[in-house]
Chemist: 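The structure under discussion is supplied below as structure tokens; questions concerning it will follow.
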Amino acid sequence: MEINGDDVAEVVLKTFNSWEKKRKPLVRSDGKREWVPLSGIVAQGKGSLTCLVAATGMKCLPQKHIFRARGVVLHDWHAEILAIRSFDRFLLEECHALATSKQNTSDYVRMRKAEEMSEKDFQPFALREEVGLHMYCSEAPCGDASMELTMAAQEDSTPWSLPSTDIAPPSPAENSDEVLQPDSSLSITPKIVSPSSPLEPPTLHGRSYFSQLGIVRRKPSRPDAPPTLSKSCTDKLTLKQSTSLLSSLTSLLISPQNVYIHTLVLPSSQLSPTAAERAFSPSGRLKGLVGNDKWEGGYSFKPFKLVGTTKEFAHSRRQKGDLIPSNISSAWTPRDTETIIGGTLQGRKQFDPRGASRVCKRRMWKLALEVAVLVGVPAVERVLRLQTYKEVKGCKMLAERKTVKGDVGGVLGGWVRNEGGEEFEVNGVEI
């Protein structure tokens with residue numbers, strides 16, 4: 001499926017330009033200009049491109065606040081991740097519209113026939129086969145895909161030494177059994193050690209220690225920001241090449257089979273072929289997935305193609321002037337638009353359920369449950385009626401998805417789960 005990067009970028013940029021001024025970066029009273037990343041997902045149909053979602057953002061929730069989020073505060077609202085969550089919301093709303101109209105298909109989603117479904121292919125909906133998906137990002141995704149750009153921007157590009165004491169290892173009681181310890185003499189291949197190892201596990205902070213390539217990194221990129229275990233956008237996009245764009249909740253209702261990114265479009269100034277090959281391709285750090293044919297349930301390893309564009313976002317980091325990061329994020333779909341600050345709707349207090357975004361876990365869960373009831377899928381409905389979100393995530397119907405995530409995490413190494421705050425129920429929010 002050949003695509004022109006300029007065409008994809010133009011559709012997303014045109015969508016952003018239609019937004020209200022209050023949802024865009026500002027020029028502050030002191031003359032400083034705000035910048036923000038922009039991402040969007042574009043559907044390719046019969047000879048046309050349509051922007052389905054667009055989002056801006058560059059923040060995430062500190063690890064110390066995860067337990068307070070309780071499904072109403074977003075953990076990560078970087079533009080790429082907010083766009084993917086908005087896309088999942090869009091698909092669920094398409095399913096809801098079909099279920100209430102009693103129709104079998106929309107422009108993007110269709111009901112599956114009984115003969116298509118089985119014990120592991122149980123989802124009642126599917127993305128229409130003729131729909132191709134492309135993603136545009138105005139900046140190189142944070143993490144491994146942006147390391148060459150980070151190196152080039154340094155006055156002194158000498159690789160930094162790994163930290164010995166300033167990065168504390170994750171607690172074994174709260175996180176997975178293994179963390180990443182790259183060999184400092186290697187550029188790509190990491191070693192895995194247990195958290196009890198006397199060696200410091202460099203779960204590397206953002207873009208620091210850029211001599212270490214091909215490894216999992218965490219957000220944020222600023223060294224003075226509160227620490228998180230949220231993975232970089234590079235790592236999350238890497239995972240989506242295997243799990244599809246669907247979240248756990250949406251994968252209970254929609255088959256992941258063809259919900260994969262075909263093309264990732266970046267400005268040519270942000271596209272490093274070396275970094276792209278290392279981070280995303282079958283010949284880079286994902287070569288361990290090549291030839292894997294054991295996954296079932298519609299899952300497979302589908303690497304996207306990276307394409308450059310000459311189009312530049314007016315509010316990118318490359319605009320002229322004295323720049324400062326924007327604090328606000330916005331998410332757009334054809335049905336709604338939101339402005340988000342601190343993972344919560346603008347104007348609401350953080351952690352207040354009334355400030356829950358349409359793409360937060362709890363509201364997505366509630367919408368998925370209503371769709372399951374409307375379409376009449378008892379097995380899925382039973383899962384979505386479990387008492388807590390943690391129980392839903394741990395259900396047997398998501399076992400294949402967990403296998404995929406585990407296999408990808410095993411190939412990448414060092415994927416420490418961002419756990420906690422999942423003991424919440426579905427009530428207390430609107431759909």
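If you're wondering where the values come from, they're calculated on a predicted model, not measured in any experiment.
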Chemist: Between Phe304 and Tyr260, is the ring centre distance below 6.0 Å?
Modeler: no
Chemist: Only one of Ile254, Val53, Leu246 forms a side chain to side chain contact (heavy atoms under 4.5 Å, CB included) with Asp88, so which one is it?
Modeler: Leu246
Chemist: Apply the test salt bridge (charged side-chain N to carboxylate O under 4.0 Å, His left out) to residues Lys236 and Asp76: give CA-CA distance (whole Å), side-chain angles for both, the deciding distance (0.1 Å), then the verdict.
Modeler: CA-CA 11 Å; Lys236 290 186 176 183; Asp76 182 349; 2.7 Å; yes
Chemist: Residues two or more places apart in sequence or in another chain: which of them pass salt bridge (charged side-chain N to carboxylate O under 4.0 Å, His left out) with Asp235?
Modeler: Arg285
Chemist: Please work out which of the three classes, parallel, tilted or perpendicular, describes the rings of Phe313 and His315, given edges at 30° and 60°.
Modeler: perpendicular
Chemist: Does atom CD of Glu94 have more than 12 heavy-atom neighbours from other groups under 6.0 Å away?
Modeler: yes
Chemist: Pair Asp322, Arg33 - check salt bridge (charged side-chain N to carboxylate O under 4.0 Å, His left out), show working.
Modeler: CA-CA 6 Å; Asp322 192 0; Arg33 304 177 67 88; over 6 Å; no
Chemist: When you compare the side chain of Arg89 with that of Leu367, does any pair of heavy atoms fall below 4.5 Å?
Modeler: yes
Chemist: Heavy-atom count around Glu129 CD within 6.0 Å, excluding the residue itself: above 12?
Modeler: yes
Chemist: Between Phe301 and Asn292, is there a side-chain heavy-atom distance shorter than 4.5 Å?
Modeler: no
Chemist: Would you check, one step at a time, whether the test salt bridge (charged side-chain N to carboxylate O under 4.0 Å, His left out) holds for Lys311 with Glu10?
Modeler: CA-CA 7 Å; Lys311 304 284 184 180; Glu10 182 62 30; 3.3 Å; yes
Chemist: Measure the acute angle between the ring planes of Phe424 and Tyr389, then classify it against the limits of 30° and 60° as parallel, tilted or perpendicular.
Modeler: parallel
Chemist: Under the rule for salt bridge (charged side-chain N to carboxylate O under 4.0 Å, His left out), what residues qualify as partners of Glu296, not counting sequence neighbours?
Modeler: Lys120
Chemist: Does Glu115 have any salt bridge (charged side-chain N to carboxylate O under 4.0 Å, His left out) partners at least two apart in sequence or in another chain, and if so, which?
Modeler: none
Chemist: Within 45 degrees of the ring normal and closer than 6.0 Å to the centroid, is that where the cationic atom of Arg128 sits relative to Tyr108?
Modeler: no
